[in-house]
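As structure tokens, the structure follows; a few thoughts come after it.
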Amino acid sequence: MKIVILGDLLGRTGREAALKAIPQLRETLKLDFLAVNGENASHGFGLAPDMAEALFAAGADAITLGNHAWDRREIIPYIAQEKRLIRPLNFPPGTPGSGASVVTARDGRRVLVAQLMGRLFMDPLDCPFQATEGLLGRQRLGNGLDAVLLDFHAEATSEKMAFGHAFDGRASVIFGTHTHVPTADHQVLPNGTGYVTDLGMCGDYDSVIGMGKEPAMARFIRKMPGERLAPAEGEATVCGVFVETDDKGLALRVEPVRLGGRLRPEMPKV
């Protein structure tokens, strides 16, 4: 399979850039599946149902969330019935929505998409390693699943790397989200799982992780609360990775995808 996953959409500019890029990426890279992290799509905080619908209409097959999953309250009844919208699996039992879902690709192949949230410098949720072990014990790559995509939404690079190695060989690709800065460590791990520590964001990189520079800098310099942070609104860079898998669902290659904005363009060859 040929798969693209796009990093955290940041505000209007990131959302609009992704909506424009998704059909282009599907055609140019001959994609079988495309997923995107949408937890910052609504002015940097949360995702509204109409935004999710627009992403699905543009060609996204699945949307993951993260620690801002509930910032837009109207997402709660929507996520209860939309199985392609996925929040962290290790939220407590009874939380609305699902942390893992088998999504049918356009050609009928079955893709398990799951999201876990880290615990270092994040909310103290249930253990993401134990939750993933339970999930992959029930649903196995190759046993009715053509691909397994794991979004690890976490702050610490060490926790992300440990997670990647812990489940190497049991997922098609493990990718980090949340920090909004693309890392250069895209690789195929020893047992065949594609990996990158962070996809980066779809947003304006003339910013502080997607937010306007001046208010963000003031918080660090003065150590006092100031005006509310708001997304930077310059031209966005669309960031993510391209993964190609073999007939067992393991990764053959992992390459960066970057379009527009300030960062150097990257486009895989197919």
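Residues take their numbers from the sequence shown, with the count starting at 1.
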Do the side chains of Glu16 and Arg12 get close enough for a salt bridge, i.e. N-O under 4.0 angstrom?
yes
Arg72 side chain to Ser42 side chain, donor-acceptor N/O pair below 3.5 angstrom:
yes
Hey, would you say the Phe129 and Phe163 ring centroids sit under 6.0 Å apart?
yes
How about Ile86 and Leu65: do any of their side-chain heavy atoms sit closer than 4.5 Å?
no
CZ (Arg262) with more than 12 external heavy atoms under 6.0 Å
no
Leu34 with Leu19, same ILVMFWY side-chain cluster at under 4.5 Å:
yes
Is it true that Arg170 and Glu133 have a side-chain N and a carboxylate O under 4.0 angstrom from each other?
yes
Check ion pair Asp32-Arg109 (N to O, under 4.0 angstrom)
yes
Counting C-beta onward and ignoring hydrogens, is there a side-chain heavy-atom pair between Asp126 and Pro93 closer than 4.5 Å?
yes
Side-chain touch Leu136/Val148, heavy atoms, less than 4.5 angstrom:
yes
Between Thr104 and Arg110, is there a donor-acceptor pair closer than 3.5 Å when you use the side chain of the first and the backbone of the second?
no
Side-chain heavy-atom pair Leu25, Leu259 within 4.5 angstrom cut-off:
yes
Lys NZ or Arg CZ of Arg84 over Phe56 ring: under 6.0 Å, within 45°
yes
In plain terms, say whether Arg26 and Asp61 are close enough for a salt bridge, that is, a side-chain N and a carboxylate O under 4.0 Å apart.
yes
Would Asp123 and Asn67 count as having a side-chain donor-acceptor pair, cut-off 3.5 Å?
no
Has the side chain of Asp204 got a donor or acceptor atom that lies under 3.5 Å from a matching backbone atom of Gly234?
yes
Is there a path of hydrophobic side-chain contacts, each under 4.5 Å between heavy atoms of I, L, V, M, F, W or Y residues, that connects Ile22 with Leu199?
no
Salt bridge or not between Lys160 and Asp198? Use side-chain N to carboxylate O under 4.0 Å.
yes
Just say parallel, tilted or perpendicular for the rings of Tyr195 and His165, cut-offs at 30° and 60°.
parallel
Flag side-chain contact, heavy atom, 4.5 Å: Leu141 against Leu250:
yes
When you look at CD of Glu27, are more than 12 heavy atoms from neighbouring residues, nucleotides or ligands closer to it than 6.0 Å?
no
Side chains of Phe242 and Val173, heavy atoms from C-beta outward: is any pair under 4.5 Å?
no
Is there a donor-acceptor contact under 3.5 Å linking the side chains of Thr177 and Asp8?
no
Looking just at side-chain N and O atoms, do Glu155 and His178 make a donor-acceptor pair shorter than 3.5 Å?
yes
Whether Thr132 side chain and Pro128 backbone form a donor-acceptor pair below 3.5 Å:
yes
